[in-house]
Amino acid sequence: MEKSQAPVETTAEVSECWDESRVPTADTSKLVSVISPTHLKLSKEHHDQPVWHFPAGPGLAQEVQCLRWHFPTMSYYPSMKLTVPFEAVWRIWEDLAESTPTPLPFTKTSIDFTVMSYNILAQDLLETNQDLCIHCPPEVLNWNYRYSLLLEEIKKWGPDILCLQEVQENHYREQLHPALCQMGYTCVYKRRTGTKTDGCATCYRSSCFSEVALTQLEYFRPETELLDRHNVGIVLLLQPVVTLGSEVKKKGPPLCVANTHLLFNPSRGDIKLAQLAIMLAEIDSMIKSCKAKGKRCNIILCGDFNSVPRMALYQLIMTGQLFYRNLPAWKISGQEELSYKTKCLRLSRPLWPSSLGITDACRYTVDNKALKSQSPKPGKCQYSHDFMLRLRYCPAAYVRPQDLELLPGVTDDKPDASKENQPFDKRIIHIISHRLNLESVYKHTLPGSGNPEVTAFTSQGGNTVDYIFYSPKLGSTSYQKAGGDVASEGLKLIGVLSLLSEEALWSMNGLPNHIFPSDHLSLVAKFQLDILE
Ligand code: KL2
């Protein structure tokens with residue numbers, strides 16, 4: 001169902017100032033867009049006045065004054081009534097790099113790149129869940145209107161890597177893909193399994209990266225009862241490409257870019273965790289394949305995780321560990337407080353069957369890449385806790401090999417009698433973990449007010465459910481200790497596009513609106529990566 005494009009009355013003039021050029025580096029200026037009802041002035045002194053103002057793009061900290069100019073897409077809607085007054089609400093680009101860059105150690109240079117993660121709200125989902133947008137004037141729900149704003153958002157921040165969720169297949173094939181190709185991107189699209197018409201798309205600027213490996217993940221596993229939902233993910237291994245004069249070189253460590261949209265259902269955290277475990281195992285496998293070639297690999301893991309900060313799924317990603325025994329399944333994502341429900345699903349072990357081929361450490365039991373290449377020497381096997389525990393009381397496990405020297409208390413062939421009756425440590429067998437060192441770009445509260453950051457908004461309110469996680473650069477002391485090759489490991493976060501509070505979003509009539517075309521905001525971060533000279 002396409003919404004009508006009927007003109008509406010207006011009391012406000014809509015204007016915009018647009019710099020057509022993209023912002024590829026830290027020093028270029030970007031778009032400024034302003035919605036300014038005519039009776040109000042563009043003035044910083046009038047904070048309570050309904051003024052819209054974007055400051056600069058990546059790398060430009062100061063705001064840019066702009067001239068009145070006609071909003072191109074508004075020509076379809078010649079007269080627009082702004083019934084709710086807009087307040088001054090800005091998304092500000094924050095430069096995190098020091099003003100005087102510290103000289104890099106050894107003989108390194110670095111490259112900067114920008115990542116955007118954005119759930120663009122599939123039109124089919126919008127139309128089947130119309131209750132989520134009851135606060136919206138109909139014209140902001142029109143696909144063609146939203147599409148032109150989406151393209152503007154992408155051009156405005158000029159990401160080198162673009163991870164989209166809720167990309168409807170026909171819109172991708174007919175509109176987004178051709179447009180992104182023209183803008184210099186190479187794109188990978190993965191539609192959800194099942195009947196829903198949307199999926200994820202990962203695009204990268206062809207002049208900045210080349211593809212090394214690709215895995216399209218389907219979390220639906222017909223042989224695993226738990227995994228009966230149709231969510232997907234994309235894992236891309238990219239090699240940075242550096243152009244020096246006329247010379248194009250592949251330089252620096254590879255970058256693993258993972259993009260996903262996890263299950264929405266707030267009460268099924270058990271399924272979300274298993275979906276995440278598949279994603280983490282795939283990233284781990286990509287890293288392992290790099291290691292086999294003697295290369296270290298950086299990680300970007302982003303998307304819509306349908307989970308809020310500091311709850312269990314988030315904790316697993318950020319700390320690398322989760323103790324889940326008896327945890328109510330709704331607490332995995334924490335989107336809604338569901339403790340009032342009489343039937344409350346609680347987690348018990350194992351979280352997923354060993355037949356899934358993924359250990360409690362979120363790694364493949366047998367490396368699938370080793371299997372795929374049918375290597376005569378398969379990689380070391382990983383065993384699940386379940387399997388190891390079966391060995392625990394097995395007498396054969398206590399037999400000392402004949403050639404092993406007998407050291408009393410160390411290589412005895414009997415278990416330590418004093419420890420025999422100790423209670424079995426239940427914590428160990430109720431922990432899942434991963435080995436990726438991940439940090440979140442966003443800190444989930446806004447500087448100053450301390451209000452929660454909002455990435456997604458419905459008529460029920462706002463939440464953070466979208467993230468950009470990355471493998472951070474090690475501290476200088478640790479990499480100096482570890483030696484030369486480790487110095488290039490890790491990404492340095494050098495810029496971020498600020499999010500907004502729920503209050504600020506309500507003041508502009510929630511999401512989507514005439515500025516932001518989705519029920520999610522885009523997440524944008526800029527990273528610096530050391531490369532060897
Ligand atoms: O929360 V989302 O929106 O990340 O923005 O992910 C899902 C929801 C998306 C894909 O399944 O569709 C939305 N109530 C509210 N939103 C829903 C529902 C629902 N019952 N089902 C799907 N979505």
Side-chain angles (χ1 to χ4, degrees), residues 1 116-136 140-141 143 146 150 153 163-169 171-172 189-201 217-220 227-234 258-269 271-276 279 301-309 311 313-314 317 329-330 332-338 341 442 444 452-469 499-500 502 505 510-513 516-523:
M1 179 189 73
M116 174 185 278
S117 179
Y118 197 9
N119 178 325
I120 61 171
L121 178 56
Q123 194 67 17
D124 283 345
L125 291 177
L126 183 160
E127 287 165 15
T128 47
N129 298 298
Q130 284 188 18
D131 51 320
L132 302 177
C133 296
I134 45 173
H135 57 281
C136 299
V140 305
L141 303 178
W143 166 250
R146 294 203 300 118
L150 282 171
E153 179 80 1
C163 294
L164 301 174
Q165 304 86 39
E166 287 199 28
V167 183
Q168 198 167 300
E169 191 173 27
H171 292 156
Y172 175 78
Y189 180 75
K190 176 65 189 166
R191 185 180 153 163
R192 286 208 246 179
T193 52
T195 53
K196 298 260 173 71
T197 54
D198 66 298
C200 296
L217 289 175
E218 295 181 358
Y219 302 133
F220 175 72
L227 286 161
D228 62 350
R229 306 304 161 99
H230 293 281
N231 307 84
V232 293
I234 298 171
N259 172 20
T260 195
H261 187 186
L262 298 185
L263 175 69
F264 166 72
N265 192 332
S267 60
R268 295 307 303 271
I271 302 177
K272 294 182 206 231
L273 272 185
Q275 293 183 341
L276 177 70
M279 173 53 94
L301 167 59
C302 65
D304 179 346
F305 292 75
N306 270 312
S307 303
V308 306
M311 297 303 277
L313 185 130
Y314 175 89
I317 295 173
W330 66 267
I332 299 296
S333 69
Q335 294 143 290
E336 288 175 30
E337 159 79 51
L338 297 173
K341 286 206 169 177
Y442 289 90
H444 320 310
E453 291 174 336
V454 169
T455 69
F457 187 99
T458 66
S459 6
Q460 275 108 54
N463 248 336
T464 281
V465 293
D466 306 271
Y467 301 89
I468 300 176
F469 298 105
L499 289 164
L500 298 171
E502 183 171 327
L505 286 168
L511 292 176
N513 59 38
F516 301 122
S518 171
D519 59 342
H520 293 243
L521 293 176
S522 65
L523 275 60

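Both counts, for ligands and for their atoms, begin at 1 and track the order of listing.
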Need the ligand 1 atom indices (1-based, order shown) with element for anything under 4.0 Å from a heavy-atom of [X].
X: Asp519; answer: 5 (O)
X: Leu125; answer: 9 (C), 10 (C), 12 (O)
X: Asn119; answer: 4 (O), 5 (O)

Using modelled atom types only, decide if a donor and an acceptor are shared between the side chain of [X] and the backbone of [Y] within a distance under 3.5 Å.
X: Gln335; Y: Phe264; value: yes
X: Asn306; Y: Leu262; value: yes
X: Arg146; Y: Leu121; value: yes
X: His135; Y: Leu511; value: yes
X: Gln123; Y: Gln168; value: no
X: Ser518; Y: Asn119; value: yes

Protein heavy-atom partner closest to [atom] - residue, atom, separation in Å:
atom: atom 23 (N) of ligand 1; answer: Asn129 ND2, 3.7 Å
atom: atom 3 (O) of ligand 1; answer: Glu166 OE2, 3.9 Å
atom: atom 19 (C) of ligand 1; answer: Phe264 CE2, 3.3 Å
atom: atom 1 (O) of ligand 1; answer: Asn306 OD1, 2.9 Å
atom: atom 6 (O) of ligand 1; answer: His261 NE2, 3.1 Å

- Task: Determine the interplanar angle of the Tyr467 and Tyr314 rings, folded into 0 to 90°, and report it as parallel if under 30°, tilted if 30 to 60°, perpendicular if over 60°.
- Result: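 Tilted.
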
- Message: Which residue in the set Asn259, Asp304, Asp198, Asn231 passes side chain to side chain donor-acceptor pair (under 3.5 Å) when paired with Gln165?
- Response: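 In the set Asn259, Asp304, Asp198, Asn231, the residue that makes a side chain to side chain donor-acceptor pair (under 3.5 Å) with Gln165 is Asn259.
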
What part of [X], side chain from CB on, backbone N/CA/C/O, both or neither, has a heavy atom under 4.0 Å from ligand 1?
X: Val465; result: neither
X: Gln165; result: neither
X: Gln335; result: neither
X: Leu121; result: neither
X: Leu132; result: side chain

- Show your reasoning for whether ring-ring contact (aromatic ring centres under 6.0 Å, His included) applies to Phe457 and Phe516. CA-CA 11 Å; Phe457 187 99; Phe516 301 122; over 10 Å; no

- Query: Which residue from Arg192, His230, Lys196, His520 reaches closest to atom 10 (C) of ligand 1 through any of its heavy atoms?
  - Reply: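 Shortest heavy-atom distance from atom 10 (C) of ligand 1: Arg192.
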
- Which of the listed options, Asn265, Asp304, Leu126, holds the heavy atom that is closest to atom 4 (O) of ligand 1?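 Closest candidate by heavy-atom distance is Asp304.
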
- Message: What I'd like to find out is whether the side chain of Phe305 reaches to under 4.5 Å of the side chain of Ile317, using heavy atoms alone.
- Response: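 Answer yes - side chains close enough.
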
